[in-house]
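I have placed the structure first, in the form of structure tokens, so that the comments after it can refer back to it.
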Amino acid sequence: LRNSFDYVGCALAALWIPEMNVSISLTPSGKRMSAELLRVAQRQLVESMQQKQRTIIVNKGSAPASTLAAAYKILACPIAYPSGRFAGVLALFNPPSVSDFHADQARCAELLAKCINAVINLGPDAILGAGEPAPMQNFG
């Protein structure tokens with residue numbers, strides 16, 4: 001998530017992978033957002049990503065600004081399991097006062113999502129830190 005600030009630029013980054021019970025958020029200061037504050041945005045984005053399974057950019061909210069998802073600009077990318085089945089969402093948020101998300105930022109976010117996909121491909125033991133790393137091979 002830290003890379004989302006460096007490469008894309010955003011006020012809040014969140015990663016949700018429901019089946020693995022992963023819900024992580026981060027701000028540029030390094031502090032996490034309240035899970036309660038993100039709950040509505042999480043539900044809306046996970047449902048939307050399950051249906052569309054493609055990157056979305058929302059630069060103008062259509063709902064009342066009482067929810068985080070409506071009050072912020074959003075760039076969201078799907079995360080997939082190795083089989084291609086939907087796993088979760090990488091979501092980046094910016095306040096309305098900054099410039100809109102654009103295609104270059106979407107490509108960066110998609111690359112970050114692919115990196116997360118690669119971590120998921122390693123399996124739960126690698127994600128949770130259990131087990132030993134694979135031994136190095138000598139090819140020479």
Side-chain angles (χ1 to χ4, degrees):
L1 289 181
R2 172 66 54 202
N3 289 335
S4 59
F5 301 114
D6 296 335
Y7 295 111
V8 178
C10 61
L12 169 66
L15 173 65
W16 299 300
I17 304 176
E19 287 182 13
M20 293 180 157
N21 203 23
V22 171
S23 179
I24 305 169
S25 67
L26 197 61
T27 62
S29 68
K31 297 188 181 192
R32 295 180 185 205
M33 293 288 290
S34 155
E36 185 62 36
L37 181 62
L38 290 172
R39 196 169 323 278
V40 173
Q42 177 182 354
R43 184 182 48 78
Q44 291 172 344
L45 287 171
V46 167
E47 287 174 6
S48 179
M49 282 286 125
Q50 282 176 318
Q51 294 171 0
K52 297 180 182 179
Q53 294 200 20
R54 64 178 172 79
T55 299
I56 59 169
I57 297 175
V58 179
N59 285 315
K60 295 188 192 247
S62 60
S66 61
T67 67
L68 180 73
Y72 278 74
K73 297 176 181 188
I74 303 168
L75 169 55
C77 299
I79 304 296
Y81 288 111
S83 66
R85 185 173 58 91
F86 173 80
V89 178
L90 170 65
L92 310 177
F93 298 87
N94 266 333
S97 59
V98 301
S99 59
D100 289 351
F101 283 116
H102 51 79
D104 288 341
Q105 290 170 312
R107 283 191 288 278
C108 288
E110 288 168 347
L111 287 173
L112 292 168
K114 286 182 182 184
C115 290
I116 295 167
N117 287 342
V119 171
I120 290 173
N121 285 333
L122 295 174
D125 288 343
I127 293 169
L128 299 174
E132 293 295 318
M136 296 293 293
Q137 295 183 3
N138 185 355
F139 292 105

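If you're wondering where the values come from, they're calculated on a predicted model, not measured in any experiment. Only heavy atoms go into these numbers, but all of them, side chains included; no hydrogens, no water, no symmetry mates.
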Of the non-hydrogen atoms in [X] and [Y], which two are nearest, and what is the gap between them?
{"X": "Ala76", "Y": "Val89", "value": "CB-CG1, 4.0 Å"}
{"X": "Arg54", "Y": "Met49", "value": "O-CE, 3.1 Å"}
{"X": "Phe93", "Y": "Ala14", "value": "CE1-CB, 4.3 Å"}
{"X": "Ala113", "Y": "Pro78", "value": "CB-O, 3.8 Å"}
{"X": "Leu90", "Y": "Ala109", "value": "CD2-O, 3.7 Å"}
{"X": "Trp16", "Y": "Val46", "value": "CB-CG2, 4.3 Å"}

Keeping [X] on the side-chain end and [Y] on the backbone end, is there a donor-acceptor pair under 3.5 Å?
{"X": "Asn59", "Y": "Lys73", "value": "no"}
{"X": "Gln105", "Y": "His102", "value": "yes"}
{"X": "Asn117", "Y": "Ala80", "value": "yes"}

Once you round to the nearest 0.5 Å, how far does [atom1] of [X] lie from [atom2] of [Y]?
{"X": "Ile57", "Y": "Ile74", "atom1": "CD1", "atom2": "CD1", "answer": "11.5 Å"}
{"X": "Glu47", "Y": "Arg43", "atom1": "CD", "atom2": "CZ", "answer": "5.5 Å"}
{"X": "Phe86", "Y": "Glu19", "atom1": "CZ", "atom2": "CD", "answer": "9.0 Å"}
{"X": "Leu92", "Y": "Leu15", "atom1": "CG", "atom2": "CG", "answer": "10.0 Å"}
{"X": "Ile56", "Y": "Ser48", "atom1": "CD1", "atom2": "OG", "answer": "4.0 Å"}

Quick one: are Tyr81 and Ile17 in side-chain contact, heavy atoms under 4.5 Å?
-> yes
Worksheet item: Is Met20 linked to Ile79 within one hydrophobic cluster, defined over Ile, Leu, Val, Met, Phe, Trp and Tyr using a side-chain heavy-atom separation of less than 4.5 Å?
Response: yes
For Leu112 and Cys77, what are the C-alpha separation, side-chain angles and deciding distance, and is it a side-chain contact (heavy atoms from CB on, under 4.5 Å)? CA-CA 9 Å; Leu112 292 168; Cys77 299; over 6 Å; no
